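To start, the structure itself, in structure tokens.
What you see is a predicted model; the values in this text were computed from it and never measured. Remember, it's 1-based here, ligands and their atoms both numbered in the order they're listed.
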Amino acid sequence: MDYTQPMILETIILAAGRGTRMFSSRPKVLHELSKKPMLGYVLDAAEKLDSDHIHVVYGHGGEQVKDKFSSHSINWVHQSEQKGTGHAVAQAMPSVNDNAVVLILYGDVPLIRPATLSPLVQLAARKKLALLTIELDEPASLGRVIRDHQNNIVAITEFKDATQSEREIREINTGVMAVQASDLRQWLTQIDDNNVQKEFYLTDIVKLAVNDGVPVISIQAETELEITGVNSKLELGKLERMHQNQTALELMKRGLTISDPSRFDLRGQLEFGEDCYVDVNTLIEGDCQLGKNVHIGPNCIIKHSKISDNTHIEAFSLIEDSVIGAGCHVGPYARLRPGSELKEGSRIGNFVEIKNSTIGKNSKANHLSYVGDAQVGNDVNMGAGMITCNYDGANKHQTIIGDNVHVGSDCQLVAPVEIDDGATIGAGTTVYKNAPKDELTINKKEQYVLKGWKRPQKNK
Ligand code: UD1
Ligand code: CA
């Protein structure tokens, strides 16, 4: 390689396997880890490494896979028949630059880290065949790394082709490797399917490299997690738990208090300030942000939301696409639907649903309410059971509540309607006309007493 030229990196991701053991019509690499398709993680890693081109070798369900990743710049390579990893890589080679370094990744090995891959790429840039290997206590049916007396790698033997003594070797081939494109191209023409599985093994290039005097160098993966492939729902579930644990530990290292890392799930990104606390069984999805000293009680679900300093979210609350100000109190059992905005110091209590509404500073809806399509001012009290009737059966309408309004219990606000600043609405009122400033608005209802009325008795 000419060192005056910048290195070209071509990443080939193998993803053509049928995934029979998933028992699914969905292509294996679209099965999700923490709500993101496995192939998405591998593409992220390839992009973080600044790959010049990313080739994805696909087989079954290609259209589904292409649709899912249409926003990425990918050279899609179809492998119509799965004749082995060597054959799969060969399908991508016609579009690979001869002066490039080729990095081989797998669509069903999602947690591979760029930090592990870049030394492999660097070695390949210096004309080595670089393999990612790891020693396992239970190497199972993975390919074994064969070394000579000088400890140099001389071959990789597939488990099915291995002798008993080779099977006792604990160092295995992860499958991830980096190599010069020109060497790879030439070796791929020399491999055959003369083996137990009748497949073209990519791993056979190791022997060819040794024959050609190309040094074969291994890098040890730090953790089993990042080299673990998924072949079944059982393996996917195990990897999910391991991944979640690792995520929880990383967040804890960065200062988040998680009461029990084994009962924490993040399916996205979480930013947080000092002294935040997350209780058990909380699920956080999408991009979420917590300010300082935010407290999240047990069994909450928070999606795509921002929560500011000193706010408490109590148990069993569900918060989605919402923005919550500082010093608020939400729940238990609150539901904030998309478009909810709570200003500083507001309180949303149990069995209260808010949708597409702004609740002003220090305003409260503490019990059993529905607030939809409403603009609520500051210092408003919404009594128990107050609801906005925002839907007339065809269209949605707005409710506007000014500052310092007091709405009594069990009121219906029939939108479109406005309640002016300082107004008071008597309990049980159906507000269907605008309520004026500083006045008491009530529906007149009379209370009768039916003398001598008898309560029905249970039949004997
Ligand atoms: C492969 C390695 C083995 C290694 C193991 C790690 C070979 C010959 N063996 O074995 O040394 O220990 O991975 O998991 O490379 N694929 C295609 N097209 C094909 C065949 C496979 O795209 O024709 C893809 C599969 O989707 C899968 C990956 O390549 O993602 C590995 O294929 P698989 O058949 O599972 O290889 P292993 O036998 O596990
Ligand atoms: Ca495999």
Within ligand 1, which atoms have a heavy atom of L14 less than 4.0 Å away? 22 (O), 24 (C), 29 (O), 30 (O)
Any salt bridge (Lys or Arg N to Asp or Glu O under 4.0 Å) involving residues 208-227? Give me the pairs, sequence neighbours left out, ordered by first then second residue. R113-E222, R113-E226
So is K396 actually on top of Y391's ring, under 6.0 Å and inside 45° of the axis? yes
Would E274 and K292 pass as an ion pair if we require N to O under 4.0 Å? no
Excluding sequence neighbours, so at least two apart, what forms side-chain hydrogen bond (donor to acceptor under 3.5 Å, both in side chains) with Y41? none
Report the part of H87 (side chain from C-beta onward, or backbone N, CA, C, O) that has a heavy atom under 4.0 Å from ligand 1; answer both or neither where that applies. neither
If we only count N/O pairs under 3.5 Å, is E81 in contact with ligand 1? no
Near A88 (heavy-atom distance under 4.0 Å), the atoms of ligand 1 are 17 (C), 18 (N), 22 (O)
Carboxylate-amine/guanidinium contact K83 D193, below 4.0 Å: no
So which bit of D108 gets within less than 4.0 Å of ligand 1, heavy atoms only: side chain, backbone, both or neither? side chain
Report yes or no: does G84 have a heavy atom closer than 4.0 Å to ligand 1? yes
What part of T174, side chain from CB on, backbone N/CA/C/O, both or neither, has a heavy atom under 4.0 Å from ligand 1? backbone
